[in-house]
Amino acid sequence: MNEIKVNLEFCKNFINEDEYESIFNKVKSALVLLESKQGKGNDFLGWMDLPVNLKKEFLEDIAETAEKIRNQSEVLVVIGIGGSYLGSKAVIDALKGYFNTQGMEILFMGNSISSTYISEMTEYLKDKDFSVNVISKSGTTTEPAIAFRVITKLLDEKYGEKSSERIYVTTDATSGALRKIAIEKNYKSFVISDDIGGRYSVLTAVGLLPIAAAGYDIFKLVEGAKNAYHHCNDNCIAYVSARNILYSKGKKIEIMANYEPKLHFFTEWWKQLFGESEGKELKGIFPAGVDLTADLHSMGQYIQEGERILFETVLNVLTPNADVLIPSLPDDVDGLRYIEGKSVNYVNQKALEGTIQAHTDGSVPNIVIEIPVIDEFNLGYLIYFFEKSCGISGHVLGVNPFNQPGVEMYKKNMFKLLGKPGF
């Protein structure tokens, strides 16, 4: 079986052997620190053993609940922000067909305070059978709390006393406003463990219930994560070593580049994971993303010739889920005769190879993550691989990779301006 691999071939002109050997021991020590559960933030390491600790009964409960949701509704509205929605959306978008209108529609709400979005969502849902999965540890986070108020009102108007049968809660085990509501209303509920932060929660009920409701195999997703749990250390060490050497040389921005638009929201999840974990104490690589080849016609100019503060991590999917042959034409009016009969994926791969060469020639190093195919197993591996890499990298930087104190600052200002008691 082909496996995911971190390829550093396109960094070799920017990283010499002595530099790699020098940081290797530091990264290995950070890995040992993480696995010993003795480092900063060690009270938020519940995600580390999750792939091997998830019980079959729990996964079956998730799958059965998802089946119930599909039987009662045509739409599932997932209410949450940050890690409460990005992971599930990343997996669902990566797996679903671009124009697939069959099966359950998964919509996301509570990830902004856009009045237009909320208004259009409620209008759309008026003619739909829908259920809701609200995700929040506290139940008081502003964005999802507003969305849940609005959506609960619509549910009550539409379904009356039976509305409670369409609400599924993922929250703290014992405390918080949402847990209190779930007990009072007898909502079906799942637990967010105290020792797992939102951005590390994809493999909990936070991510698994929406993914299962969308019709995807959560057992294979967990199996892929379990494979990473046992086998990803070498890949983690290579990735973390390379990115931290490049950071020490002034490469302050890491751009995740994909050549498959299905992976756009995987990049969004990765951006939160690394940005929220490493961006502390005036340290950290800034995570950005591009969808190629489209962004080569917009951001490509800067990447090629702008400030040399960039490196790229390229997601290279080796086998597409589908392919198309380029047809022949009687004349060559568009000048494409030289690729007639070749597959579109062949052209995409050559674009990838040519871009890597151009960018490395332009002093933008490239770390390449080789992915055999986009499926549940490989996505599960990637999720755990990046989570573990992030924990290791945070320890290399000397920051706590599992807290987010800076996120609270905007909330304090907003609450004060809104006149919230106590602010």
Side-chain angles (χ1 to χ4, degrees), residues 37 43-73 76-80 83-92 95 103-104 106 131-137 139 164-176 178-232 375-385 387-388:
K37 302 183 179 179
D43 50 342
F44 277 92
L45 294 179
W47 59 272
M48 277 194 65
D49 300 322
L50 201 57
V52 292
N53 284 344
L54 286 172
K55 298 286 191 292
K56 182 183 177 185
E57 295 77 17
F58 166 75
L59 294 175
E60 287 174 344
D61 187 20
I62 292 279
E64 289 169 7
T65 303
E67 182 67 21
K68 178 183 175 183
I69 292 170
R70 286 198 298 274
N71 288 336
Q72 73 183 173
S73 298
L76 174 64
V77 180
V78 179
I79 296 177
S84 295
Y85 93 100
L86 280 171
S88 58
K89 182 157 178 61
V91 173
I92 292 167
L95 294 172
M104 167 144 285
I106 310 294
S131 297
V132 175
N133 176 207
V134 56
I135 305 168
S136 174
K137 272 191 177 181
S164 63
E165 298 174 9
R166 294 173 174 269
I167 297 175
Y168 302 84
V169 170
T170 309
T171 189
D172 187 87
T174 58
S175 63
L178 198 51
R179 172 54 61 193
K180 181 181 178 182
I181 294 169
I183 293 170
E184 288 176 356
K185 301 287 189 180
N186 197 31
Y187 297 148
K188 170 71 176 178
S189 66
F190 295 93
V191 170
I192 305 174
S193 177
D194 286 340
D195 59 357
I196 301 177
R199 59 191 179 276
Y200 292 87
S201 67
V202 191
L203 299 172
T204 72
V206 170
L208 294 178
L209 182 58
I211 292 166
Y216 301 112
D217 192 333
I218 58 172
F219 294 90
K220 287 183 180 176
L221 188 78
V222 171
E223 195 62 34
K226 192 181 296 185
N227 182 271
Y229 175 88
H230 290 297
H231 302 297
C232 76
D375 60 13
E376 290 96 333
F377 183 89
N378 285 302
L379 288 168
Y381 183 105
L382 281 172
I383 288 164
Y384 190 84
F385 157 72
E387 287 177 347
K388 191 164 191 180

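As the structure is a prediction and not an experimental result, all values here were calculated from the model.
Here the side chains of T204 and I192 are not in contact, with every heavy-atom distance at 4.5 Å or above. Within the 4.5 Å cutoff, no side-chain heavy atoms of V169 are placed close to those of I181. Within the 4.5 Å cutoff, side-chain heavy atoms of R179 are placed close to those of V191. The side-chain heavy atoms of F58 and L208, taken from C-beta on, include a pair separated by under 4.5 Å. A 4.5 Å side-chain heavy-atom check between S164 and Y187 finds at least one atom pair inside the cut-off. The shortest distance between side-chain heavy atoms of H230 and V52 falls below 4.5 Å.
The minimum heavy-atom distance between I196 and K137, with the atom names listed, is O-NZ, 3.0 Å. What you find for G139 and L178 is that their closest heavy atoms are CA-CB, 3.7 Å. When all heavy atoms of L76 and N133 are compared, the pair lying nearest together is CD1-N, 3.8 Å. Closest approach of E376 and K220 over heavy atoms only: CB-CB, 3.8 Å. Across every non-hydrogen atom of F44 and G197, the tightest pair is CD2-N, 3.8 Å. Nearest heavy-atom pair, A205 versus F190, reported as atom, atom and distance to 0.1 Å: CB-CB, 3.5 Å.
K188 NZ: more than 12 foreign heavy atoms inside a 6.0 Å radius.
Note: L59 CG to I218 CD1 = 5.0 Å, rounded to the nearest 0.5 Å. To the nearest 0.5 Å, atoms CG (L50) and CG (L45) are separated by 12.0 Å. A distance of 5.0 Å separates OH of Y168 from CD1 of I69, quoted to the nearest 0.5 Å. The OG atom of S73 lies 11.0 Å from the CD atom of E165; values are rounded to the nearest 0.5 Å. Note that CZ of F219 is 10.5 Å distant from NZ of K226, once rounded to the nearest 0.5 Å. Taken from OG1 in T171 to CD1 in I135, the straight-line distance is 10.0 Å, to the nearest 0.5 Å.
A salt bridge does not link K37 to D195: none of the charged nitrogens lies less than 4.0 Å from a carboxylate oxygen. Ion pairing between R70 and E67 holds under the 4.0 Å rule for side-chain N and carboxylate O.
With 3.5 Å as the limit, one finds no donor-acceptor pair spanning the side chains of Y384 and N227.
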TODO: Walk me through it: do K55 and D61 pass the test salt bridge (charged side-chain N to carboxylate O under 4.0 Å, His left out)?
DONE: CA-CA 10 Å; K55 298 286 191 292; D61 187 20; over 6 Å; no
